[in-house]
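Source: prediction; values computed, not measured. Here is the naming used below: chain letters follow the sequence lines, and residue numbers restart at 1 for every chain.
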Amino acid sequence: DAGVTQSPTHLIKTRGQHVTLRCSPISGHKSVSWYQQVLGQGPQFIFQYYEKEERGRGNFPDRFSARQFPNYSSELNVNALLLGDSALYLCASSGGTSSGNTIYFGEGSWLTVV
Amino acid sequence: GEDVEQSLFLSVREGDSSVINCTYTDSSSTYLYWYKQEPGAGLQLLTYIFSNMDMKQDQRLTVLLNKKDKHLSLRIADTQTGDSAIYFCAESNRGSNTGKLIFGQGTTLQVKP
């Protein structure tokens, strides 16, 4: 089975632009969470979606939004990009019937804002 | 509030044991996790422990939990150069149903040959 897949792996955007990051969870997992990891720090929680509903939101501005689709894949959208949005964006997958309390992460999307 | 603290750096010799420590503040934490991150990569789940357990062993990895002191440790036996990475401790309160993990700032493990 494939793990958590994220795309794109790397991208460069200009300040003020918009970005969409995509995530496909592990087959059978119904929950997707998004995290931002700035260089040298631990990941920070942005959103969790379960069964297409938002279940939690971290301390991020309204420029950040997300959604989950019927196939449980998810998109993270960031509007009006700032230099400080440059980070590794990680997607986490959980909630399968056999996965217990395991939470698996993808390889991430590296976003550079210039 | 919720907070997770880790020491920033640990250096060991190949073949020695490594012990990475973590403290957390949320007394309602239900699950505690250890992740490994290699340069330029995502997070690899190493192991996790439920809060009603004191210890969990998985091959070279041993997790110890002192719930009274809110202290978690990860012991890596026979440390190899391939274990060099950043190790993150994370806690979750599944009762909140948000699936939110609170991470420490990570411990960089350097393994010298």
Side-chain angles (χ1 to χ4, degrees), chain A residues 3-7 9-10 21 23-26 29-51 53-60 66 68 72 74 87-96 99-110 112, chain B residues 1-9 20 22-26 29-53 56 58 61 63 65 72 85-108:
Chain A
V4 182
T5 57
Q6 292 188 242
S7 64
T9 53
H10 294 81
L21 307 177
C23 172
S24 292
I26 292 170
H29 283 193
K30 298 180 180 180
S31 173
V32 169
S33 299
W34 288 95
Y35 291 79
Q36 180 195 65
Q37 186 180 20
V38 173
L39 197 63
Q41 297 182 19
Q44 297 289 317
F45 173 76
I46 310 175
F47 286 111
Q48 189 214 10
Y49 277 78
Y50 180 76
E51 288 281 18
E53 290 188 1
E54 182 182 304
R55 288 295 186 92
R57 172 185 282 257
N59 188 22
F60 280 82
Q68 187 176 33
Y72 302 110
S74 177
L88 175 65
Y89 288 85
L90 293 161
C91 174
S93 164
S94 63
S99 66
N101 298 289
T102 50
I103 301 174
Y104 296 100
F105 284 80
E107 290 295 306
S109 293
W110 289 92
T112 301
Chain B
E2 304 157 326
D3 194 19
V4 177
E5 296 282 339
Q6 297 178 241
S7 53
L8 294 182
F9 185 78
I20 301 171
C22 169
T23 58
Y24 60 97
T25 57
D26 187 357
S29 294
T30 51
Y31 291 92
L32 295 125
Y33 298 80
W34 284 104
Y35 287 90
K36 176 184 179 183
Q37 187 174 40
E38 298 187 35
L43 299 178
Q44 175 191 353
L45 176 63
L46 293 176
T47 187
Y48 69 95
I49 189 167
F50 185 49
S51 59
N52 69 351
M53 298 170 63
K56 182 178 181 180
D58 184 1
L61 304 179
V63 178
L65 175 60
L72 181 74
I86 302 175
Y87 290 79
F88 289 96
C89 163
E91 60 97 6
S92 76
N93 179 352
R94 285 308 185 92
S96 70
N97 204 29
T98 65
K100 173 183 178 182
L101 290 177
I102 305 294
F103 284 86
Q105 64 270 51
T107 299
T108 298

>> Just so I know, are the side chains of A:I46 and B:K100 near enough to count as touching, which here means a heavy-atom distance under 4.5 Å?
In response: no

>> Can you tell me how far apart CD (A:Q44) and CD1 (B:I102) are? Round to the nearest 0.5 Å.
In response: 7.5 Å

> Can you say whether B:Q44 sits under 4.5 Å from chain A via the side chain, the backbone, both, or neither, judging by heavy atoms?
Replying inline: neither

>> Working to the nearest 0.5 angstrom, can you tell me the gap between B:Y35 OH and A:I103 CD1?
In response: 5.0 Å

> Mind checking whether A:F105 and B:L101 have side chains closer than 4.5 Å, heavy atoms only?
Replying inline: yes

>> Show the nearest heavy-atom pair for residues B:G42 and A:E107, with the distance to one decimal.
In response: N-OE1, 3.3 Å

> When heavy-atom pairs shorter than 4.5 Å are enumerated against chain A, which of B:L8, B:V4, B:L43 gives the highest number?
Replying inline: B:L43

> What's the spacing between B:F88 CZ and A:Q37 CD if we round to 0.5 Å?
Replying inline: 4.5 Å

> Any chance CG of A:N59 has more than 12 other-residue heavy atoms, nucleotides or ligands included, within less than 6.0 Å?
Replying inline: no

> Between B:L45 and chain A, which part of the residue has a heavy atom less than 4.5 Å away: side chain, backbone, both or neither?
Replying inline: side chain

> For the ring pair B:F103 and A:F45, is the centre-to-centre distance below 6.0 Å?
Replying inline: no

